[in-house]
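Reviewing the structure listed below.
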Amino acid sequence: MKTPKRYLITAALPYANGLKHIGHLAGAYLPADIYVRYLKAQKRDVVFVCGSDEHGTAIPIQATKEGTTAQAIIDKYHPIIEQNFKDLGIAFDIYHRTSDPLHHETASEFFKDLESRGDLETKTTEQYFDAQANTFLADRYIKGTCPNCGHSEAYGDQCEKCGKSLSPEELINPVSTLSGNAPIKKETTHWYLPLNRHEDFLRKWLLEEHANDWRPAVIGQCKSWIEGGLQPRAVTRDLDWGVKVPVAGGDGKVLYVWFDAPIGYISATKQWAINNDKDWKPYWNDPETKLVHFIGKDNIVFHCIIFPVMLKLHGNILPENVPANEFMNLEGDKMSTSRGWSIEMDDYINKWIKKENGGEAMADCLRFYLNSIAPESKDSEFTWKGFQDAVNGELVSIFANFVNRTWVLMHKLCNGKVPKIHIEHLDSEDNALILAVKEAKEKITDLLEQYKFRDAQFEVINLARLGNQYMQKKEPWILAKNLETDPTAQAKIDNCMHGCLQLTANLAILINPFLPFTAKKMCHLMKVVDRMLEWENAGNFNLLKVGYTLRAPELLFRKIEDEEIAAELAALKANSEVKKTKMETNNTNPAAEGEAANGIAPLKPEIVFDDFGKIDLRVGTIIEAKKVEKADKLLELLVDLGFEQRTILSGIAMHFKPEDIVGKQVTIVANLAPRKMRGIESKGMILMAEDANGKLYFVSPSEAIASGSSIA
RNA sequence: GGCGAGGUAGCUCAGUUGGUUAGAGCACAGGAUUCAUAACCCUGAGGUCCCGGGUUCAAAUCCCGGUCUCGCUACCA
């Protein structure tokens, strides 16, 4: 395989609307960092870019909710996230931000370029418009009842309660969050990226050229999209937060966040070039540059379909690989910040990386465990017990213990100096050790080049294990007892300790991409400069000079106690309980708290009695119920309203079995306009109540009454 | 419902184009040892390779059907 001239490595831009958890870290940033550290140790020309994604509609919405500005939100989270990464040893060459003027300029230029060459289409459609605020409403500015889970405060693009992606048209009773009025439809023109024009290109590039060297899940997902028929995709929005559309007719419009965010990789590269007096262009234009995107599986489509099409049109290089990771669960459940079931990077740092708790070494402990369970081929699971086991059982017992016993013995038996080699006493064990290090280096290099970071790290630990075995066979502590009777004893001790010391130096080089703080500490113990960590030095058994005085032993890590694990588990459970009750209180008393609110939005705007009077609510009785074919969530209900029987469809199939709800009395919106779904016309709507966990309940009269009774 | 990825030891995962007795680490049990953070080292126990068919001399691996988990997608008044 030919070595690329230079590398450009990107890690997904984190959305600057809140803290990021360790699942994000394990999914994109840690593997990217390991790869980059390895490449840099190889002295390759590499730039590692990332930055905050600060546009999109979620941020201004959140600002409104919290009574602050969008700018204030991004200014709050951008530096925190940046610092979190730093604390965990994620060493970006640049951590940029999409609110920066340079990014606006870059994204504008990109758009203009595509537009001027006819690579974009415009289309005029009807969109929701707020007449009072005199503005089009972006998806996020429209709220309504989620058709999926019935959550009453779902946004036009997504319901935060159930996580379902939505379009504004799908919302029940849409309302503008600006004025509280029902939005009207109005024509607007938008720019589209016609993905359909590039099907042949994508087919060839992904399904032929990369069918075998990309991860199966990534190719599978792409194939699914291509086979499903590619559609033109809107790349602009009616919104005033973001990069302004820089062409005629673009007033009041911005680039869609998914168009502008990946361009953030380019603007970050430009900023890096400015800071370092370099030229950014070859990194994006020269085919000899190897571009790799590190992302989570939720980003596959954007990085493998949409952005590559944009890059191709704009004349840039394409990614050489996109090693997307699956998801990391936590203690048996999906990670979710809003449900309190997660470990925020910020929390981990504050608790564990404090000086008194272990400092930087604890950053490496987290890196070690996360990488050892990295979800490279399937979803994986973080458990605190697993964390403790991995750290205590492998990092401490195998790796750190080898280094420590080497150091202690070297001070006891060799005066704290690197002993000389006595060639006449070298044996097959010594030669085997040297050979094993060389082999391990080859293997680890290979695995790293293939993005198999979990296996690569395992091999490093394995090498330390080999060191323990070597020492066990040599037993220098036994030899030390025979110094007077055995004239060769000291020579044998010297050879053994020399080997262990050279192995330690090699371990420092090989562990460096994974555990940079540890490698640094090992350099300190050996009194060598960081340059020793260069990859080419691995395999060399002459890294520490004979006679060189080394520092006193110092533990690399501390053990993690049972009580600490118990405390973390308790904290996790308590936190999720707190979030749960908060959600519930917010439901009943929305004014109680102004902060984040976790998807629970405040009360809808006040209406007058006449508004309410327009709604005709009736008691109905379900007399038949069956599942709608080819629809997971829909039930087809026949409801008796006294004066007539109606077919009503309801998206509750995930919550109720048809046979269990026959005979149930329910509340019906009887004068709602009919709507066809899955070929069946639904005449009305069933009201449902929903608790904080998303469980649904029928709204029924407390005692059975006549069907058709009105409700007011 | 459609599509994609998974299901292998108690846990986390390997298993290359079908080919002896299905592997590794952790955890567990026994032994040995003391230089080392009760660490290390040696040995051992453990599996209906999700289920059912089929192809084959031979299937964890290939084909068909089913089932469970995750993701994307459709459905959501």
Side-chain angles (χ1 to χ4, degrees), chain A residues 144-150 154 159 162 164-166 170-174 215-225 227-228 296-298 300-301 326-327 329 334 369 372-381 383 385-386 389-390 392-394 396-398 400-413 452 454-455 458 461-462 464-465 467-480 493 496-497 500 553 555-559 627-635 648-654 669 672-680 682-687:
Chain A
T145 301
C146 173
N148 184 43
C149 69
C159 172
C162 65
K164 172 74 189 166
S165 300
L166 301 168
E170 297 176 273
L171 288 177
I172 305 162
N173 300 329
R215 292 187 178 168
V218 174
I219 287 298
Q221 173 94 244
C222 292
K223 194 174 171 203
S224 178
W225 258 68
E227 303 292 344
K297 69 173 163 185
D298 50 340
I300 288 174
V301 166
E326 307 286 305
F327 289 156
N329 295 325
K334 277 187 249 189
Y369 178 53
S372 74
I373 59 164
E376 288 173 2
S377 60
K378 53 185 162 190
D379 289 355
S380 69
E381 178 156 323
T383 63
K385 182 75 171 63
D389 283 348
N392 291 357
E394 293 181 63
V396 174
S397 300
I398 308 289
N401 182 43
F402 172 71
V403 175
N404 189 45
R405 65 199 295 212
T406 298
W407 245 247
V408 170
L409 276 177
M410 177 262 299
H411 273 87
K412 279 187 185 169
L413 309 180
K452 293 186 175 174
R454 200 179 48 200
D455 293 346
F458 176 81
I461 297 302
N462 225 12
R465 179 174 278 120
N468 280 318
Q469 290 165 354
Y470 171 78
M471 199 187 279
Q472 202 68 32
K473 274 179 195 145
K474 295 279 180 179
E475 295 185 311
W477 53 91
I478 302 282
L479 293 169
I493 290 173
C496 171
M497 294 321 297
C500 289
L555 295 182
L556 293 176
F557 304 101
R558 67 178 183 83
K559 285 207 152 194
K627 269 208 79 182
V628 175
E629 286 207 4
K630 300 188 178 183
D632 288 350
K633 290 165 189 164
L634 275 184
L635 285 187
I648 297 180
L649 297 184
S650 185
I652 57 174
M654 308 286 261
V669 182
L672 194 64
R675 157 97 179 214
K676 230 178 182 179
M677 287 174 276
R678 285 273 141 188
I680 305 164
S682 176
K683 297 173 185 166
M685 169 178 160
I686 309 224
L687 296 191

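- The pairing partner recorded for B:G25 is B:C11, the criterion being a Watson-Crick or G-U wobble arrangement whose two distances lie under 3.5 angstrom.
- Separating the C1' atom of B:U8 from that of B:U48 is a span of 12 Å, rounded to the nearest Å.
- The partner of B:U20 cannot be assigned: no Watson-Crick or G-U wobble pair with both contacts below 3.5 Å exists in any strand.
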Pull out every protein N or O sitting under 3.5 Å from an N or O of nucleotides 69-71 of chain B, one pair per line with the distance.
from: B:C70; atom 1: O2'; to: A:Lys297; atom 2: NZ; distance (Å): 3.0
from: B:C70; atom 1: O2'; to: A:Asp379; atom 2: OD2; distance (Å): 2.7
from: B:G71; atom 1: OP1; to: A:Lys334; atom 2: NZ; distance (Å): 2.6

Going 5' to 3' through nucleotides 32-38 of chain B and flagging B where a protein heavy-atom sits under 4.0 Å of the base, S where only the sugar-phosphate is that close, and - otherwise, we get --SBBB-

Determine whether A:Gln469 and A:Phe402 satisfy the following criterion, side chain to side chain contact (heavy atoms under 4.5 Å, CB included), listing intermediate values before the conclusion. CA-CA 10 Å; A:Gln469 290 165 354; A:Phe402 172 71; over 6 Å; no

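- Using C1' as the reference atom, B:G6 and B:G46 are 24 Å apart when rounded to the nearest Å.
- Residue contacts shown for A:Trp407 are absent, as no nucleic acid heavy atom lies under 4.0 Å away.
- Looking at heavy-atom distances under 4.0 Å, A:Leu649 makes contact with sugar-phosphate atoms alone, never a base.
- Between A:Lys297 and A:Glu326, at least one side-chain N (NZ, or NE/NH1/NH2) sits under 4.0 Å from a carboxylate O, which counts as a salt bridge.
- Looking at heavy-atom distances under 4.0 Å, A:Ser377 makes contact with sugar-phosphate atoms alone, never a base.
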Restricting both atoms to N or O, compile the protein contacts to nucleotides 22-26 of chain B shorter than 3.5 Å, with distance only.
from: B:G25; atom 1: O3'; to: A:Arg465; atom 2: NH2; distance (Å): 2.8
from: B:C26; atom 1: OP1; to: A:Arg465; atom 2: NH2; distance (Å): 3.1

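- In this structure, A:Lys474 NZ and A:Met497 CE are separated by 12.0 Å, a value rounded to the nearest 0.5 Å.
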